[in-house]
Q: 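Take this structure, written in structure tokens, and hold onto it; I'll ask about it next.
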Amino acid sequence: MASPQVTESTVTVQGQSLFYRRAEPAQAVPRLTVLLLHGIRFSSETWLQVGTLATLAENGYRAVAIDLPGLGRSKDAVAPAPVGQPAPAAFLKAVSEALDLGPAVVISPSLSGMYSLPCLLEHSQLFKAYVPVAPICTEKFTAQQYAQIKTPTLIVYGDQDAELGQTSLNNLKHLPEHQVLMLKGAGHACYLDKPNEWHRGLLDFLQQLK
């Protein structure tokens, strides 16, 4: 089977240029769109190297990975909030609209929690599902706020990630429609430590979505 083609481009979001990569499935109509965010030491290239973009496309999903403002090949863009502070929910909404994503499955590791969580809580209709991977900022919201969200969620963490893994699990388990994928022997960037288990768990979860 031919491996999916990954294209590179830029998109203007709130007046700034952001870099992104896109992988399309071979068949005409994708099952779902998956938006991949990233952590502070990473970028969309991470998802290219670990094979997540290709894996998603090979299984019939459109995969779009952006470089967040100030990072990767979007480093000239200014972030809408200081690192570690929840960004305005309007930012990720603007990304979704600029890329014409429609309701998407949002994969959000580490730093990117500052973007995904405010958007999930204010614009949950943009999320077909949510896949937080030990994100930051989970403690900025209450159990009551999480309890209102009906979005299917796969909470992912590595069992060696003593800080953010545990903290994010304890907070995000208040999301009523959640499942947990713990990657044994994996650290904070658990998808890099255990890529096969990560891909298998992700695809199993996506398979369940209506």
Q: Is there a side-chain contact between Pro25 and Tyr61, using heavy atoms and a 4.5 Å cut-off?
A: no
Q: Within a strict 4.5 Å, meaning less than it, do heavy atoms of the Leu99 and Ile66 side chains meet?
A: yes
Q: Please name the pair of heavy atoms, one in Ala87 and one in Pro80, separated by the smallest distance, quoted to 0.1 Å.
A: CB-CG, 4.1 Å
Q: Does a side-chain heavy-atom distance below 4.5 Å link Val133 with Cys190?
A: yes
Q: To the nearest 0.5 Å, tell me how far Leu101 CG sits from Lys128 NZ.
A: 14.5 Å
Q: So, for Ser116 and Leu92, which heavy atoms are closest and what is the spacing to 0.1 Å?
A: CA-CD2, 3.8 Å
Q: Mark yes when over 12 heavy atoms from residues, nucleotides or ligands other than Glu163 sit less than 6.0 Å from its CD; otherwise mark no.
A: no
Q: Students often mix this up, so state it plainly: with edges at 30° and 60°, are the rings of Tyr146 and His174 parallel, tilted or perpendicular?
A: parallel
Q: If you take all heavy atoms of Ala23 and Val6, which pair is closest and at what distance?
A: CB-CG2, 4.0 Å
Q: Looking at Thr46 and Ser43, would you say the former's side chain and the latter's main chain have a donor-acceptor pair under 3.5 Å?
A: yes
Q: Side-chain contact, heavy-atom cut-off 4.5 Å: Ile107 with Tyr191?
A: no
Q: Given side chains that start at C-beta, do those of Ser74 and Phe19 come closer than 4.5 Å, heavy atoms only?
A: yes
Q: Any idea which heavy atoms bring Ala63 and Leu53 closest together, and the distance?
A: CB-CD2, 3.7 Å
Q: Taking only Lys NZ, Arg NE, NH1 and NH2, and the carboxylate oxygens of Asp or Glu, determine whether Glu8 and Arg73 approach each other closer than 4.0 Å.
A: yes
Q: Among Asn59, Leu154, Leu56, which one satisfies side chain to side chain contact (heavy atoms under 4.5 Å, CB included) with Leu206?
A: Leu56
Q: Which pair of non-hydrogen atoms, one from Thr138 and one from Thr167, has the smallest distance, and what is that distance?
A: OG1-O, 4.0 Å
Q: The test is side chain to side chain donor-acceptor pair (under 3.5 Å); show your working for Ser108 and Ser112 and say whether it passes.
A: CA-CA 6 Å; Ser108 179; Ser112 69; 2.7 Å; yes
Q: Looking at Val78, is its backbone amide N or carbonyl O close enough to the side chain of Gln16 to form a donor-acceptor pair, meaning the two atoms are under 3.5 Å apart?
A: yes
Q: Please check this pair: side chain of His123 against backbone of Cys119, looking for a donor-acceptor N/O pair closer than 3.5 Å.
A: no
Q: Looking just at side-chain N and O atoms, do Arg62 and Thr33 make a donor-acceptor pair shorter than 3.5 Å?
A: yes
Q: Within this structure, what is the CG-CZ distance for the pair Asp67 and Phe42, rounded to the nearest 0.5 Å?
A: 13.0 Å
Q: Which residue is it: Leu36, Thr151, Leu209? I am looking for the one with a side chain to side chain contact (heavy atoms under 4.5 Å, CB included) to Val105.
A: Leu209
Q: Please give me the minimum heavy-atom distance between Lys140 and Gly84, naming the atom from each residue.
A: CE-O, 3.6 Å
